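Note on naming: letters A, B, ... go to the chains in the order of the sequence lines (proteins, then strands), and numbering restarts at 1 for each one. Quick caveat: nothing in here was measured; it's all calculated off a predicted structure.
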Amino acid sequence: MQNVLQILNISISKALSALYEIQNIELSFQKTKPDFEGDITLVTFNLTKLTKVSPDATATAIGEYLKTHETLIEKYNVVKGFLNISFKNEFWLNYFCSVKDNLNIGFKTTNSSGKTIMLEYSSPNTNKPLHLGHVRNNLLGYSVAKILSANGHKVVKANLVNDRGIHICKSMLAWKLNGNGETPQSSGIKGDHLVGKYYVEFDKLYKSEIIKLVNEGKTKEEAEKLAPIILEAQQMLLKWEKGDAEVIELWKTMNGWVYDGFKQTYANLGVEFDKMYYESNTYLLGKEIVADGLNKKVFYKKENGSVAIDLSNEGLDEKIVLRSDGTSVYITQDIGTAIERFKEFPELNQLIYTVGNEQDYHFKVLFKILDKLGYAWAKECYHLSYGMVELPEGKMKSREGTVVDADDLLTEMYNTAAKTTAELGKVDDFSEGELNELYKTISLGALKYFILKVDPKKKMLFNPAESIDFNGNTGPFIQYTHARIKSVIRKVENFKEFDKSKIEINLIEKEIIKTIYDFESVVTEAGNLYNPAIISNYVYELTKLYNRFYHEHNIIREENETVKNYRLALSKTCATVIANAMNLLGINVPERM
RNA sequence: GGUCCCAUAGCUCAACUGGAUAGAGCAACGGUUUUCUAAACCGUAGGUCGCAGGUUCGAGUCCUGCUGGGACUACCA
């Protein structure tokens, strides 16, 4: 199967050469707008300087040349300098027949690119449960990993767990003070939520101590530094770093609770990882690199003994990479882990960090430092930056209790899916297990699609009422279309080949075939841009087209056997593409719903 | 103060990276089911693409300025 653009590039280059003696010029194509007749459009304005004739005349001349010289082209029309080109139906039909039985449409063979990419996502803290912001991160990371795999890359999904630090000590301390030995088992509270509860508890205690100190005449800033409970948390962190047995024991216990909780949430979200990293193992990395960088004069020592790099020539500021007491800061660790990963995976071509856009600056600095340290792969580090998730009432603030909890959200979506499905009553014969599966599929489909259809770079508004809507541009609408196609196909026992020489493609069928044709390049584009929203928009377009086709034309009711079998094949192929596209978003599609 | 990001229909988002008359969904109104799943389909209405300049054959898209919103700017993570 020849590529449409390749064919046209070659033919039109020949035309330009023959007609105007023009060589090597970049051609500008676009899909023909629906209001005009044609499959693909050549924009001729940029050619007129060389052709020396008007856009319309240029377009007409090229069109005429194509019609007589390129056998695959049926006809053309010219509108205001746009050359709309139509390929023969035979061409589209041949294309369709070449893919109709391929269950992997749009997917390149695994590892065919020879490229290995590590994609880090999720990266939670172990002091509180996952919330809506993490959900976007997880869904985005997982989907991009799928998309990159579909582009033939080998992808290592990595998760760097922030399992240490002052914030973890806060939960630990509050539990020690007020926990009375409470455990997930004794309380029936999911582990990550239990630990989160004590993180909030710490904040309460801390605040009341601050108020007390302020009442005693201290300034707010002083009080924040002097509150006994914060001092104790800092002591606890020091003990942790020294390996104090009791502190380590408590740390392991409470982190264990959190991991049990996360495991459930990850399973419910349907995300997974190939490689787990823990900051308790990596937080010391990078110090030797700093020493090395000092020798290379990439870094310099300041008067107070801290080590820094000056990035003011790059439009950035001075950045401390080691404190004056010799301890590392966050970026020290990031430098170390990046280098470590390229050592661990020598075949690694690219390292992608899925992290919110509030850290744009951090990653600019990080990549610049790696570059200055002389690592050639620094250019292959990429920050997959995404916008914040906001609620109709504004930003999520844990202190004000406006955070949308991931587990609560999933439960709520599940219940809505169950309610709606029961009301429609189409699967009343399902067993309890089948219903449970279906509700999970639909609720997750709704949530994932709702989040992934927005360009990752942009901040998004999460309106709970809209997220559980199952009509219109939603995951369940697309899932429904898939189920509907499958329902039609189930009704036919003898699925027969059709004689393509007897098929006349109608307009909507041609639109569908052209859209199926686009899938491959859409997957490529989504991969190049790390953008699942491109897949979402695409699959929605295809689904809308199919539904229109379904309403306008008979499939199994069609009397002409050849046409019937052709339409069945077209339907089946749509179902495959819908399923494949949704798969790239991490969304399953049901056989019935 | 400095750096960066965002602004498109009442609301939520698109616009193939500079191309034709800026498109969908939701919400509103009207229509479609004895016929393959109505979680669907069709129609009506809704726009000074934040504002003002500039670049060019052509700008929602690029450049400048302004307004409004946000993020970052730690020897925090």
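Residue Leu311(A) contributes atom CG, which lies 13 Å from atom P of rA74(B) at whole-angstrom precision. Atom-to-atom, CD1 of Ile478(A) to C1' of rU37(B) comes out at 17 Å; the value is rounded to the nearest Å.
For residues 462-471 of chain A, proximity to RNA chain B is found at Glu466(A), Asp469(A), Phe470(A), Asn471(A), defined as any non-hydrogen atom under 4.0 angstrom from a strand atom. Contacts of residues 37-51 of chain A with RNA chain B (heavy atom under 4.0 Å): Thr41(A), Val43(A), Phe45(A).
For residues 524-549 of chain A, the set of pairs meeting the salt bridge (charged side-chain N to carboxylate O under 4.0 Å, His left out) definition, not counting sequence neighbours, comprises Glu541(A)-Lys544(A), Arg548(A)-Glu552(A). For residues 48-58 of chain A, the set of pairs meeting the salt bridge (charged side-chain N to carboxylate O under 4.0 Å, His left out) definition, not counting sequence neighbours, is empty.
Taking Glu520(A) as the reference, nothing meets the salt bridge (charged side-chain N to carboxylate O under 4.0 Å, His left out) condition, with sequence neighbours excluded. With sequence neighbours excluded, the residues satisfying ring pair (Phe, Tyr, Trp, His ring centres under 6.0 Å) with Tyr546(A) are Phe549(A). Remark: Phe450(A) engages Phe462(A) in a ring pair (Phe, Tyr, Trp, His ring centres under 6.0 Å) (not counting sequence neighbours). For Phe202(A), the ring pair (Phe, Tyr, Trp, His ring centres under 6.0 Å) partners two or more places apart in sequence, or in a different chain, are Tyr206(A).
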Taking only distance into account, with no hydrogens and no angle test, what donor-acceptor pairs under 3.5 Å do side-chain atoms of residues 77-84 of chain A form with protein atoms, sequence neighbours excluded?
| residue | atom | partner | partner atom | Å |
| --- | --- | --- | --- | --- |
| Asn77(A) | OD1 | Asn84(A) | ND2 | 2.8 |
| Asn77(A) | ND2 | Glu37(A) | O | 2.8 |
| Asn84(A) | OD1 | Thr41(A) | OG1 | 2.7 |

Taking only distance into account, with no hydrogens and no angle test, what donor-acceptor pairs under 3.5 Å do side-chain atoms of residues 530-537 of chain A form with protein atoms, sequence neighbours excluded?
| residue | atom | partner | partner atom | Å |
| --- | --- | --- | --- | --- |
| Tyr530(A) | OH | Gln350(A) | NE2 | 2.7 |
| Asn531(A) | OD1 | Ala533(A) | N | 2.8 |
| Ser536(A) | OG | Leu452(A) | O | 3.4 |
| Ser536(A) | OG | Pro532(A) | O | 3.2 |
| Asn537(A) | ND2 | Ala533(A) | O | 3.3 |

Side-chain donor-acceptor pairs of residues 414-421 of chain A under 3.5 Å, sequence neighbours excluded:
| residue | atom | partner | partner atom | Å |
| --- | --- | --- | --- | --- |
| Tyr414(A) | OH | Asn436(A) | OD1 | 2.6 |
| Asn415(A) | ND2 | Thr411(A) | O | 3.4 |
| Thr416(A) | OG1 | Glu412(A) | O | 2.9 |
| Thr420(A) | OG1 | Thr416(A) | O | 2.9 |
| Thr421(A) | OG1 | Ala417(A) | O | 2.6 |

query = How would RNA chain B look in dot-bracket form, 5' to 3', counting Watson-Crick and G-U wobble pairs with both distances under 3.5 Å and writing | for bases paired to another strand?
reply = (((((((..((((.....[...)))).(((((.......))))).....(((((..]....))))))))))))....

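Between Tyr121(A) and Asn159(A), the side chains place no donor N or O within less than 3.5 Å of an acceptor N or O (distance only, hydrogens not considered).
Nearest-nucleotide assignment on RNA chain B puts the 5′-proximal partner with Phe29(A), out of Phe29(A) and Arg490(A).
By the 5.5 angstrom centroid cut-off and the 30-degree plane limit, Tyr540(A) is classified as not stacked against the base of rA24(B).
In rU17(B) the O4'-C1'-N dihedral to the base is within 90° of 0, which defines a syn nucleotide.
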